[in-house]
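Input: a single structure, listed below in structure tokens.
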Amino acid sequence: MDKKKVVIIGAGPAGITAAKLLVDSFDVIILEADRCIGGISRTVACENGLRMDIGGHRFFSKNEEVKRFWLENMPLQGAHSVDDLILGRENDLCEGGPDPEKADTVMLTRSRISRILFGGKFFDYPLSLSFQTLRDMGIIRSLRAGMGFLWASVFKKKEDSLENFYINRFGKPLYTTFFENYTEKVWGRHPSQISADWGAQRVKGLSLRSLISNMFMRVFGKNSDIQTETSLIERFWYPKMGPGQFWETVAEKAVDAGAVLHFGYKAKRFTCDEAGNLTAVICETEQGEIAVEGDIFISSMPLDMLTAGLPDLPQKIAEIASGLVYRDFMTAGLLVDELKIKNKTDRKTLGDIVPDCWIYVQQPEVKMGRIQIFNNWSPYLLPNAEHQVWLGLEYFTNEGDMLSSMKDDDFIAFAESELIKLGIISEGAVKFSCCKRMSKAYPAYFGSYDRIRELRDYLLSIPNLWCVGRNGQHRYNNMDHSMLTAMKTAACIKKEDFSNKAAIWDVNAEKEYHEKK
């Protein structure tokens, strides 16, 4: 019997996961508008052997199905059994330098260390209640923070905005100190104008109370993956050559099993039959428009673009889709010999650089959002991790704004000047630089987002269309959440169960985490 044809739009984590799980039972075609694998989870190969992770992607999940998928496709360095790994009995990776004797395709175990740069001082992120934190905050600010938290614990605000969401969990003084400015940088809107749904999706369990609880669990040795809030995790897995290496490996396995992968195929519009089933997607390619026919369609493309290509679209649905807002992402990669800031922690690092994976920049005088230190994600991302530091300076932009309109050289010079202003590097320290841009990197929780359920219901009415992933559902998912939407979709398609499509939109790994004891 001829196999049914599944057309997957987008070769990011959700699309590639779906392809790998379906290729044994279906004819799978993957359409990717770009020329690389991984979506925002790609790893960009720069010059001089440098590799850049676009945004930083930790491989961490409390879902065993996701962890098994990761480890079956890319084993953990030094590990022997996937079952042992799932149960947390992995052998820790030595945090030292590259070992040429190790296999190229492995997952490393890394320490998650991130701090907030505020007022010229470094604070743990997530916030800790250490003596160092209280000392750097000062007596008055610490007292205000404590009183603010007590006030917020008694007098709860209505959670009709992200601002109130944070205040209810931390109190206003801590919110204004550590969250307000950075959140506005990320979204280009004040937190009071952003839906509280963003907080519920990304940091629902994070609060001052959970920080205190987590601190005591660590002291008494009762901490575990299941008990720890996602935002508080301290260890994660990471592919040796960056996250893109994992998705490239899985895509190669899917293709070897029979999947067809087309690069440079940008989905523009769809055709359908009288019953409302999609029959083909028309793609813009270098060879002109090409129609790709299919029986089942899985889309991880942005919802506004998907909806705009559907035939006979109701006016109200078109308005909702066109009103969805996205934030773009720009990274300036800078290679330097050394940093002006020194490692004053008890963490040992290669080259004794600061141990941070990210530095969150809570300084209103610069537009920079985060500083990613690639050495601390994997020393294999640069040729000389012992004697050089490879940085990613992250900016969040809107299409057509000041930053996105800059030419690459001008943007790099601007980013370098901000890093000098922050006292992190010296003038003339940069040995190599590059610029990478990602459009529609972050689906926003404002614009027409408050009507997203109407759009969802309309898309669910198309019998053979499945929407997966971050942009496919316009939800700011973690990577494992995006994979779970694809996993559940693949399971339904294999069972020919089209009755529970709405459940795919309700995937939320965090909920499962807290239900497990």
Side-chain angles (χ1 to χ4, degrees), residues 50-53 55-56 58 95-97 110-128 130-138 141 177-179 181-182 185-186 234 236 238 330-379 381-396 411-435:
L50 297 165
R51 291 174 67 84
M52 177 186 291
D53 183 352
R58 293 175 285 130
E95 299 285 352
R110 311 305 289 157
S111 294
R112 180 261 177 87
I113 304 167
S114 299
R115 291 182 293 175
I116 300 170
L117 180 61
F118 172 75
K121 296 179 180 179
F122 287 96
F123 296 85
D124 291 337
Y125 180 82
L127 295 174
S128 72
S130 66
F131 173 75
Q132 181 74 33
T133 297
L134 298 176
R135 187 184 70 179
D136 288 344
M137 285 180 62
R141 183 178 279 128
T177 300
F178 293 113
F179 295 97
N181 176 256
Y182 178 76
K185 283 182 182 179
V186 173
E234 297 177 352
F236 61 92
Y238 193 79
M330 297 175 67
T331 303
L334 303 182
L335 182 69
V336 300
D337 287 336
E338 63 178 355
L339 304 176
K340 289 181 69 176
I341 52 175
K342 303 303 179 184
N343 183 12
K344 297 181 180 180
T345 73
D346 58 0
R347 300 275 189 167
K348 293 182 179 180
T349 59
L350 191 64
D352 200 33
I353 63 172
V354 291
D356 306 78
C357 297
W358 274 308
I359 296 173
Y360 292 82
V361 183
Q362 181 79 355
Q363 302 269 145
E365 67 270 22
V366 297
K367 294 184 177 295
M368 188 186 307
R370 291 186 304 204
I371 303 165
Q372 193 176 355
I373 304 177
F374 295 115
N375 304 51
N376 296 328
W377 292 80
S378 170
L381 295 179
L382 65 162
N384 190 6
E386 281 192 86
H387 301 104
Q388 290 187 311
V389 188
W390 179 219
L391 304 171
L393 314 185
E394 302 178 358
Y395 291 81
F396 310 95
F411 170 67
I412 290 169
F414 175 80
E416 180 182 351
S417 70
E418 290 208 324
L419 203 60
I420 293 169
K421 182 187 295 185
L422 291 171
I424 293 176
I425 64 170
S426 303
E427 290 193 38
V430 177
K431 306 301 180 184
F432 172 82
S433 61
C434 64
C435 169

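Hydrogens, waters and symmetry mates play no part in the numbers below; they use all other heavy atoms, side chains included.
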(request) To the nearest 0.5 angstrom, please state how far the NZ atom of K340 sits from the OG atom of S426. (result) 4.5 Å
(message) As an exercise, state the distance from OG of S417 to CE of M368, rounded to the nearest 0.5 Å.
(response) 8.0 Å
(request) Give, for atom SG of C357 and atom CZ of R110, the distance between the pair rounded to the nearest 0.5 Å. (result) 8.0 Å
(message) Just verifying a value: how many Å separate L419 CG and L393 CG, rounded to the nearest 0.5 Å?
(response) 5.0 Å
(message) Using 0.5 Å steps for rounding, measure from the CG atom of L339 to the CD1 atom of I359.
(response) 7.5 Å
(request) Supply the atom-to-atom distance L382 CG to N375 CG, rounded to the nearest 0.5 angstrom. (result) 4.5 Å
(request) For Q362, enumerate each residue passing the side chain to side chain donor-acceptor pair (under 3.5 Å) test, keeping only those at least two apart in sequence or located in another chain. (result) none
(message) The criterion is ring-ring contact (aromatic ring centres under 6.0 Å, His included); which residues satisfy it with F414, sequence neighbours excluded?
(response) none
(message) Test: side chain to side chain donor-acceptor pair (under 3.5 Å). Region: residues 350-361. Which pairs qualify, not counting sequence neighbours?
(response) R115-D356, N343-D352, W358-E394
(request) Could you tell me which residues satisfy salt bridge (Lys or Arg N to Asp or Glu O under 4.0 Å) with K431, sequence neighbours excluded, listed by chain and number? (result) D337
(message) Would you call the rings of Y238 and W377 parallel, tilted or perpendicular, taking 30° and 60° as the class edges?
(response) tilted
(request) Would you list the pairs meeting salt bridge (charged side-chain N to carboxylate O under 4.0 Å, His left out) in which at least one residue belongs to residues 412-427, sequence neighbours left out? (result) none
(message) Any heavy-atom pair between the side chains of T331 and Q372 that's under 4.5 Å?
(response) no
(request) Could I get the full list of ring-ring contact (aromatic ring centres under 6.0 Å, His included) partners for W390, not counting sequence neighbours? (result) F374
(request) Grab the two heavy atoms, one from I412 and one from C434, that are nearest each other, plus how far apart they are. (result) CD1-C, 3.5 Å
